[in-house]
Amino acid sequence: MRIRFWGTRGSIARPGPTTLHHGGNTSCVEVVADDGTWVVLDCGTGAYELSLDLRRRGPLPALGHLLIGHAHWDHIQGFPFFEPLYDSRSEWRVYAPGDRIDHLQQTFARQMSPEQHPIALGDLNASVRFRVITEGSFRVGGILVTAQYLHHPALTLGYRLEADGVSLVYATDHEPHAVPLSGEQSGVLLVHPEDRRHVAFLADADLVIHDAQYTLAEYPARRGWGHTPVECAVDYAVAAGAKRLALFHHDPDRDDAAVEGLVATARTRVAGAGAALEVFAAAEGQELELRGSAVSRAPIGSGRGSALLAVAPPPARTVLIAENDPGLSLRLAAMLRDDGLRLVLVTGLEAALDAAHLAPPSLLLLDLDVPRSELLAACRKLRCSADPRLREIPVLLVAGSSPSECEVREAFEAGATDYLARPIKLTLLRSRIRGWLLRSQPS
Ligand SMILES: [Zn+2]
Ligand SMILES: [Zn+2]
């Protein structure tokens, strides 16, 4: 499997003399399997560099697969300038998270509207087919792709690619679920089940390309922005037993020297952990080849359900929001209505439990200013309910500003499905709600 980095920068392109080595273009990584299966991970401004390189190559493969982690600008801005999309001999399959194909197409069409780009999405010469995906696996040529949600203020998927006896994980735009903001034990706690699940997604990978936009020192001021401190990227990769870690999604504020500083920080942390992980910072134009060893583990994607969602829109689902702050509640509700969800808004715990018993919703959000013990008691009550719909309903708890390891553990023992710390950004909350609804959607 061959991998080439065409864009490594996060958030916004940052070209110039201070970023010449690691590059100024945003996310775009090319992967080619031994059988020729051609995959492009994200389509940030780096996709234009890839286009220039393709002009120099011979005839292109007829079929390409574009895997989009999410549609923030830094991951799709290169799409209108990706030249193979203008080649009538070319066929592209575009996969991205979501639950409605029309919404996905609109997202790409918007950045090619007449006000923003001279050529419309519908006027591309190549055959371009969109597919909405959720967590699960699917095959593209000789590659088994497994998708898993990341923690980001937009519905975002990470991708694990397994082929040729090797595995590559592309996990960018992800924030750890539980990071203590002070104390000696700074780093990913691995007490939150979602962090442990992330580690399992990275398990034994030959290469992990991971968001490492911040440092732990910078993180408190950027909590909720959906990115990983470099120290936590190391913690994840070490816990997963990964072989190599490519630091990725470099902050636009960081020049080449500062990115190399992150590598030094990461290597010190690896040495402190007594691990053999190799760390480097992804650089634009850098090429790697992954070779399988004689003993390869079974692909983790082989036991998972299909990630490919049906083209038909999903059935409308109801979310019960228990929220003290009416302003916040209304703004969240407006966002979720745009996602086609039905909403029930309440302001107290008793009212939430009564509403849930009366008409069990598809998801319950508890963001209430009541003692934590009462929230945990409510979770236990739901999990002991005679109604199986209430026993299994996803319950999202928002509590505490910097939860301790013990508090996180107690929340899950009480039956919470997810545990989020305050203050929480509405965009992050929306993406958690959407992700949990998709994860709990009957197939
Ligand atoms: Zn990004
Ligand atoms: Zn993003």
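Remember, it's a predicted structure, so these values are computed and weren't measured experimentally. The residues of the chain are indexed from 1 along the displayed sequence. Order of listing sets the numbers, starting from 1, for every ligand and every atom in it.
A cation-pi arrangement is absent between Arg131 and Tyr95 under the rule of less than 6.0 angstrom and at most 45 degrees off the ring axis.
When the Zn ion (ligand 2) is compared with the N/O/S atoms of His152, atom NE2 turns out nearest.
The aromatic rings of Phe82 and Trp92 sit perpendicular to each other, their planes meeting at more than 60°, with 30° as the lower class boundary. Taking the six-membered ring where the residue is Trp, His70 and His75 present tilted rings, their angle falling between 30° and 60°.
Around the Zn ion (ligand 1), protein N, O or S atoms at less than 2.8 Å comprise Asp74 OD2, His75 NE2, Asp173 OD2, His249 NE2.
For the residue pair Arg342 and Thr318, a side-chain donor N or O sits within less than 3.5 Å of a side-chain acceptor on the partner.
Atom CD of Glu284 and atom OG1 of Thr19 lie 8.0 Å apart (nearest 0.5 Å).
Screening His227, His174, His152 against His249 for a ring pair (Phe, Tyr, Trp, His ring centres under 6.0 Å) leaves a single residue, His227.
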